[in-house]
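Report on the structure given below.
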Number of protein chains: 2
Amino acid sequence: MLDPTDIRILDELSKNSRITMKELGEKVHLTGQATSARVAKLEDSGIIEGYTIKINQIKLGYVVHAMISIFTKSTHHEPYLSFIKTQEPYVINNYKIGGDSCYLLECKFPSNEVLDAFLVRLNKYVNYKLSIIISK
Amino acid sequence: MLDPTDIRILDELSKNSRITMKELGEKVHLTGQATSARVAKLEDSGIIEGYTIKINQIKLGYVVHAMISIFTKSTHHEPYLSFIKTQEPYVINNYKIGGDSCYLLECKFPSNEVLDAFLVRLNKYVNYKLSIIISK
DNA sequence: TCAACTCCTTTCATTAATCAAGTAAAAACG
DNA sequence: CGTTTTTACTTGATTAATGAAAGGAGTTGA
């Protein structure tokens with residue numbers, strides 16, 4: 001399915017997805033055309049899901065990064081799920097998990113005040129346990 | 001610092017970082033050259049940290065996605081930290097957190113057997129609480 | 001008012017991406 | 001075992017994007 005050249009391509013694209021096909025080809029000892037064809041295959045197969053950027057959230061003003069364990073009060077999760085859909089920019093990921101809690105909610109906030117206000121709203125739907133990310 | 005056009009550029013690049021500057025320029029009503037200059041500024045300021053790809057880990061064989069809360073046994077975290085450095089492909093992120101546990105370790109595994117073996121090794125350094133991610 | 005600066009456009013030379021053909025090796029098949 | 005098909009690549013020609021330079025409009029501040 002994937003040969004070492006494909007792995008190498010994925011690795012290089014992870015490091016810099018805006019690299020030219022010509023340059024990427026030089027790294028894997030192929031022409032730009034052959035490299036481009038391999039990348040197209042990786043896209044078609046769904047292994048490459050998309051191309052994106054890493055954004056420095058702190059420089060954008062999001063200085064608080066939190067992981068919130070969610071404990072739903074009832075068996076109806078819909079109110080919670082539709083609530084967090086309305087909470088974009090703050091919500092990064094909502095993982096459904098097996099273990100202690102029901103969900104693990106990854107969020108970012110510009111300040112503790114905004115986090116506090118978010119938690120007040122959140123608490124109408126679920127109970128939670130807050131963890132603040134100090135570093136990565 | 002950032003005007004609406006910059007926000008739009010970040011948004012479009014998040015969705016597709018391989019878009020051409022010309023095409024991106026059309027979306028924000030600028031020429032390719034002007035767009036390119038803005039993107040270069042966003043890079044220089046550190047707001048854009050890099051260009052990367054989203055990889056489908058399941059198609060790469062990593063079917064188990066786990067969040068592991070880490071409770072260090074002693075105040076010396078170095079043995080744990082150097083251990084996880086040796087555990088690449090499995091470790092995705094290691095967050096230092098404030099809250100109940102010391103770290104939150106995000107990992108991926110090809111099978112429960114590999115996860116199990118990892119936990120046995122991990123337990124030499126720390127105690128843990130395992131959560132399996134069911135969906136996102 | 002004028003100089004300096006920012007931000008953009010236009011133009012043009014360079015470079016990369018794309019498309020079409022052609023080739024060689026491996027795989028599939030009678 | 002030979003033939004056909006497929007796969008993966010290269011080369012070459014065309015099209016498109018990029019990068020550099022020059023210039024114009026609007027803004028800031030002495």
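Order of the sequence lines sets the chain letters (A, B, ...), proteins ahead of strands, with each chain counted from 1.
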Task: B/M21 CE to C/dC8 P, straight-line distance once rounded to whole Å - done: 14 Å

TODO: Please list, by residue number, the residues of residues 23-36 of chain B whose heavy atoms come closer than 4.0 Å to an atom of DNA chain D; answer none if no residue qualifies.
DONE: B/Q33, B/S36

Open item on the list: Can you tell me if B/R18 touches the phosphate of D/dA17, counting only side-chain N or O atoms and a distance under 4.0 Å to OP1 or OP2?
Closed with: no

- [ ] Five pairs at each end of the helix from C/dT1-D/dA30 to C/dG30-D/dC1: take the axis at both ends and give me the angle between them to 10°.
- [x] 30°

- [ ] Please confirm whether the backbone N or O of A/P79 pairs with a side-chain atom of A/S82, one donor and one acceptor, at under 3.5 Å?
- [x] yes

Open item on the list: Given C/dC7, C/dA17, D/dT18, identify the nucleotide with an atom nearest to the side chain of B/K41.
Closed with: C/dC7

- [ ] Kindly assign one of parallel, tilted or perpendicular to the pair A/F118 and A/F109, based on the angle between their ring planes and the thresholds 30° and 60°.
- [x] tilted

- [ ] For the pair B/R38 and B/D3, find out whether any cationic side-chain nitrogen is under 4.0 Å from an anionic carboxylate oxygen.
- [x] yes

Open item on the list: Could you tell me how far apart B/M1 (CE) and C/dT6 (P) are, to the nearest whole angstrom?
Closed with: 14 Å

Task: Length of the line joining B/R38:CZ and C/dC8:P, which is rounded to integer Å - done: 4 Å

Open item on the list: Over 60° means perpendicular and under 30° means parallel, so tell me whether B/Y80 and B/Y103 are parallel, tilted or perpendicular.
Closed with: tilted

Open item on the list: Can a donor-acceptor pair be found, under 3.5 Å and without considering hydrogens, that links the side chain of B/K59 to the backbone of A/S45?
Closed with: yes

- [ ] Using whole Å, report how far CD1 of A/I9 lies from C1' of D/dC9.
- [x] 13 Å

Task: Donor-acceptor contact below 3.5 Å, side chain A/K73 vs main chain A/N123 - done: yes

TODO: Over 60° means perpendicular and under 30° means parallel, so classify the ring planes of B/H65 and A/Y95, tilted if in between.
DONE: perpendicular

- [ ] Rounded to the nearest 0.5 Å, what's the gap from CD1 on B/I97 to OG on B/S69? Could you check?
- [x] 6.0 Å

Task: Main-chain N/O of B/K27 paired to B/R8 side chain as donor or acceptor, under 3.5 Å - done: yes

- [ ] Whole angstrom is fine here: how far is it from CG in A/D44 over to C1' in D/dT7?
- [x] 15 Å

TODO: Grab the NZ-P distance between B/K22 and D/dT15 for me, whole Å please.
DONE: 14 Å

